[in-house]
Amino acid sequence: MSTKTPSVYERIYVTVREIPYGKVASYGQIARMVGGCTARMVGYAMASVTPEKEVPWHRVINSQGRISPRARTSGELLQKELLEEEGIQLDAEERIDFGTYGWELAPPVGRNS
DNA sequence: AGATTGACTGCAT
DNA sequence: CATGCAGCCAATC
């Protein structure tokens, strides 16, 4: 293998790939699941991700159930399109309901109102 | 080898 | 509800 050691990044990519179709996960959730890394690492990993990784980065959103404003480009718009493609509908405020689309491993406490 | 950055998160103001 | 600040740790320059 290459001189590069897999390290945390590789783990994050693998974890993100574990996200089932039609579900979403937050950075913090993934960070906790991977362990040893923080939400920033996940975000940074996503920023460094490439189509070659085949990572469904569009299934990764922030804790607010919102698409990260990211830095440049209108990629966020693309992300919304991809999410809808997965069958995930966004709220009127472009927000995702973790209780409905959230990863089964990421239950935000079921508080039925 | 040191400084900077980065698609985050949570709490305080 | 919007804005600000601090904590996190690794990759990149």
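Proteins come first, then strands; the chains are lettered A, B, ... in the order of their sequence lines, and each starts at number 1.
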Novice: Nearest to the side chain of A:Asn62, heavy atoms from C-beta on, is which of B:dT9, C:dA11, B:dA7?
Specialist: B:dT9

Novice: So if I take every side-chain heavy atom of A:Met46 and compare against B:dG10, B:dA7, C:dA10, which nucleotide ends up nearest?
Specialist: B:dA7

Novice: Is any N or O donor-acceptor pair between the side chain of A:Tyr27 and the base of B:dA7 shorter than 3.5 Å?
Specialist: yes

Novice: Just the atom pairs and distances: protein N or O near nucleotides 5-8 of chain C's N or O, under 3.5 Å.
Specialist:
| residue | atom | partner | partner atom | Å |
| --- | --- | --- | --- | --- |
| C:dG7 | O6 | A:Arg40 | NH1 | 2.7 |
| C:dG7 | O6 | A:Arg40 | NH2 | 2.9 |
| C:dG7 | N1 | A:Arg40 | NH1 | 3.1 |
| C:dC8 | O2 | A:Arg40 | NH1 | 3.4 |
| C:dC8 | N3 | A:Arg40 | NH1 | 2.9 |

Novice: With the side chain of A:Ser68 defined as its heavy atoms from C-beta on, choose the nearest nucleotide among C:dA11, B:dA7, B:dT9.
Specialist: B:dA7

Novice: Can you sort out the partners of A:Gln89 under side-chain contact (heavy atoms from CB on, under 4.5 Å), two or more places apart, ordered by chain and number?
Specialist: A:Tyr101

Novice: How many Å lie between OH on A:Tyr9 and P on B:dA7, as a whole number?
Specialist: 10 Å

Novice: How long is the line joining CD of A:Gln64 and C1' of B:dC11, in whole Å?
Specialist: 13 Å

Novice: Looking at every heavy atom in both A:Ile61 and A:Gly65, which two are closest together, and how far apart are they?
Specialist: CD1-CA, 3.7 Å

Novice: In this structure, how many angstroms lie between the P atom of C:dA10 and the OH atom of A:Tyr13, rounded?
Specialist: 15 Å

Novice: Closest heavy-atom contact between A:Thr38 and A:Ala31?
Specialist: C-CB, 3.5 Å

Novice: Are the charged groups of A:Glu54 and A:Arg17 less than 4.0 angstrom apart, N to O?
Specialist: no

Novice: Using 0.5 Å steps for rounding, measure from the OG atom of A:Ser48 to the NZ atom of A:Lys53.
Specialist: 7.0 Å

Novice: At their closest point, which heavy atom of A:Tyr9 faces which heavy atom of A:Ala45, and how far apart are they?
Specialist: CE2-CA, 3.6 Å

Novice: Considering only C:dA11, B:dT9, B:dA7, which nucleotide approaches the side chain of A:Ser63 most closely?
Specialist: B:dT9

Novice: For A:His58 and for A:Arg32, locate the closest nucleotide of DNA chain B by heavy-atom distance; then report the residue assigned to the nucleotide nearer the 5' terminus.
Specialist: A:His58

Novice: Counting just side-chain N and O atoms, does A:Ser48 come under 4.0 Å of either OP1 or OP2 of C:dA11?
Specialist: no

